[in-house]
Visitor: 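Can you read through this structure? Questions will come right after.
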2 protein chains.
Amino acid sequence: MDEIDRTIVNLLRADGRTSYAELARRVGLTAPSVQDRVTKLEKNGVITGYQAVVDPEAVGLGITALIGIIPDSSADHIEICDRLRAMTEIESCYFLAGVECYQLKVRVPKMADLERLIHRLGGIPGVAQTRTTITLSTKWEDRPQPVGAEDGRGID
Amino acid sequence: MDEIDRTIVNLLRADGRTSYAELARRVGLTAPSVQDRVTKLEKNGVITGYQAVVDPEAVGLGITALIGIIPDSSADHIEICDRLRAMTEIESCYFLAGVECYQLKVRVPKMADLERLIHRLGGIPGVAQTRTTITLSTKWEDRPQPVGAEDGRGID
DNA sequence: TGGTCCGGTCGATCTCGTCCACCAGTCGAG
DNA sequence: CTCGACTGGTGGACGAGATCGACCGGACCA
């Protein structure tokens, strides 16, 4: 994980479809070398995948909401987590330090779908209460933060 | 935006580097047709980009926090939004219906960086208070929800 | 009936991806 | 000091993919 790797990661975060040839030109190496580095970054778990970014509204998911989950004392977190994972509307799920031990980001087509989802969440054993906040607008989302000098693990 | 377009979108959300040839095989068309469809999806704003997904810990951003912003009565939202946008640590920014009018998802290398960030947020004119919750773990994030029969706009 | 538009196919060509052989620098052991 | 192994890079060759233009058939409408 040197300066070149960081540049490659930044370029791929900005445009995940950049070709190896193009990356090679940007970092001053040949395509096979770059491909080798990218493969290693994937193997080492630095790059975990590639996604097309889609406008949620354009695919009929016009409503985004944030939902906090407040558990009761009997809560089995493995069970809760599995049940949450099975709900495809939940795009992200964070385990938090606080009264609301999970926060979910969900997307649904219509308000009625959100209402149904909240009822389903409330029905999960161990969930005492939910707290839902509607997002009026998304200012931005998943903006890649350039990776700088310091990196986490001592990979390589 | 027909069934084939939705399949293409789903495939590209699952793997943003899928080649046109591969997409063509999956949907039963030829590569040029698929490329044409993808170009139109990009032009119409359905697909807004492609990103490599990176493990934040692996690039030295081990700490994720959710921060709610509570404005005071003098708040100028354009000003606040611009100031927030300038902070690269803020990966996502939602404008909410509620007392906390923004929620931010931020990533920083160390606790000290989070502390500094919170102080900077508090210094923005119009920000009365912030409320920070540390994420203990990310169960999952940005999981693509398959796009189904109903789509939003009447594109095409 | 004929013209036009839309979306697709086909074929040619150029670029890209990928594999392999080879090479230079580094490091540790004998 | 020399040898060998290892790491990370280059260059060439070949197959696959991307991309462009020409053509084709069905839908629609005058």
Side-chain angles (χ1 to χ4, degrees), chain A residues 1-55 58-60 144 146-156, chain B residues 1-55 58-60 144 146-156:
Chain A
M1 192 77 187
D2 59 3
E3 193 51 46
I4 292 178
D5 279 339
R6 279 189 286 273
T7 306
I8 290 173
V9 167
N10 284 331
L11 289 170
L12 284 175
R13 287 232 278 181
D15 179 4
R17 278 182 86 85
T18 310
S19 69
Y20 294 130
E22 178 63 23
L23 292 173
R25 281 188 287 270
R26 300 288 192 89
V27 302
L29 292 179
T30 57
S33 320
V34 169
Q35 188 185 21
D36 188 48
R37 282 172 176 265
V38 171
T39 304
K40 283 177 187 163
L41 287 168
E42 292 168 353
K43 283 231 174 68
N44 289 335
V46 178
I47 295 176
T48 58
Y50 303 89
Q51 289 185 351
V53 182
V54 168
D55 177 2
V59 295
V147 322
E150 49 199 331
D151 40 19
R153 314 168 188 166
I155 286 175
D156 300 25
Chain B
M1 193 75 188
D2 58 4
E3 193 51 46
I4 292 179
D5 280 338
R6 279 189 286 273
T7 306
I8 290 173
V9 167
N10 284 332
L11 290 169
L12 284 175
R13 285 230 280 182
D15 180 3
R17 280 182 86 84
T18 310
S19 69
Y20 294 130
E22 177 64 21
L23 292 173
R25 281 188 288 270
R26 300 290 191 88
V27 301
L29 292 179
T30 57
S33 320
V34 169
Q35 188 184 20
D36 188 48
R37 281 171 177 267
V38 171
T39 304
K40 282 177 187 162
L41 288 168
E42 291 167 355
K43 283 232 174 66
N44 290 336
V46 177
I47 295 176
T48 59
Y50 302 88
Q51 289 185 351
V53 182
V54 168
D55 177 4
V59 295
V147 322
E150 49 201 330
D151 41 17
R153 313 168 189 166
I155 285 174
D156 300 26

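Within every chain, numbering begins at 1; the chains are lettered A, B, ... in the order of the sequence lines, protein sequences first and strands thereafter. Not measured: the values here are computed from a predicted model.
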Visitor: Please report the distance, rounded to the nearest Å, between CE in B/Met1 and C1' in C/dC6.
Guide: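 Rounding to the nearest Å, CE of B/Met1 and C1' of C/dC6 are 19 Å apart.
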
Visitor: Could you work out, with side-chain hydrogen bond (donor to acceptor under 3.5 Å, both in side chains) as the rule, every residue matching B/Arg13, not counting sequence neighbours?
Guide: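 side-chain hydrogen bond (donor to acceptor under 3.5 Å, both in side chains) list for B/Arg13, sorted by chain: empty.
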
Visitor: What is the distance from atom CZ of A/Arg6 to atom CD of A/Glu3, rounded to the nearest 0.5 Å?
Guide: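 A/Arg6 atom CZ to A/Glu3 atom CD measures 5.0 Å (nearest 0.5 Å).
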
Visitor: Which nucleotides of nucleotides 22-28 of chain D have their base under 4.0 Å from a protein heavy atom (B), which only their sugar-phosphate (S), and which neither (-), written as one string 5' to 3'?
Guide: -------

Visitor: Got A/Leu23 and A/Leu12 here, is their nearest side-chain heavy-atom distance under 4.5 Å?
Guide: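 A side-chain contact exists here, since the closest heavy-atom pair is under 4.5 Å.
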
Visitor: Is there side-chain contact between B/Lys40 and B/Val46, with heavy atoms separated by less than 4.5 Å?
Guide: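 Side-chain contact under 4.5 Å: no.
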
Visitor: Would you jot down, in residue-number order, the residues of residues 9-24 of chain B having a non-hydrogen atom under 4.0 Å from DNA chain C?
Guide: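 Within this stretch, nothing sits under 4.0 Å of the strand.
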
Visitor: Side-chain N or O of B/Gln35 versus OP1/OP2 of D/dA18: is the shortest distance under 4.0 Å?
Guide: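 Checking D/dA18 against B/Gln35, no side-chain N or O comes under 4.0 Å of OP1 or OP2.
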
Visitor: In Å and rounded to the nearest 0.5 Å, what is the CD1 to CZ distance from B/Ile4 to B/Arg37?
Guide: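 B/Ile4 atom CD1 to B/Arg37 atom CZ measures 4.5 Å (nearest 0.5 Å).
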
Visitor: The criterion is side-chain hydrogen bond (donor to acceptor under 3.5 Å, both in side chains); which residues satisfy it with B/Glu22, sequence neighbours excluded?
Guide: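 B/Arg25, B/Arg26.
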
Visitor: If I compare all heavy atoms of B/Asn10 with all of B/Pro146, which pair ends up nearest, and what's the gap?
Guide: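 Nearest pair, atom of B/Asn10 first, then B/Pro146: OD1-CA, 3.4 Å.
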
Visitor: Would you compute the distance between atom CG of A/Asp2 and atom CG of A/Asp5 and round it to the nearest 0.5 angstrom?
Guide: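 One gets 4.5 Å once the value is rounded to the nearest 0.5 Å.
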
Visitor: Summarise protein proximity over nucleotides 9-16 of chain D in one line of letters, 5' to 3': B for base, S for sugar-phosphate only, - for none, counting protein heavy atoms closer than 4.0 Å.
Guide: SBB-----

Visitor: A/Val59 versus A/Asp55: any side-chain heavy-atom pair under 4.5 Å?
Guide: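 No; the side chains remain at least 4.5 Å from each other.
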
Visitor: Can you give each donor-acceptor pair under 3.5 Å made by side-chain atoms of residues 27-35 of chain A, sequence neighbours left out, with the distance rounded to 0.1 Å?
Guide:
{"from": "A/Thr30", "atom 1": "OG1", "to": "A/Ser33", "atom 2": "OG", "distance (Å)": "2.9"}

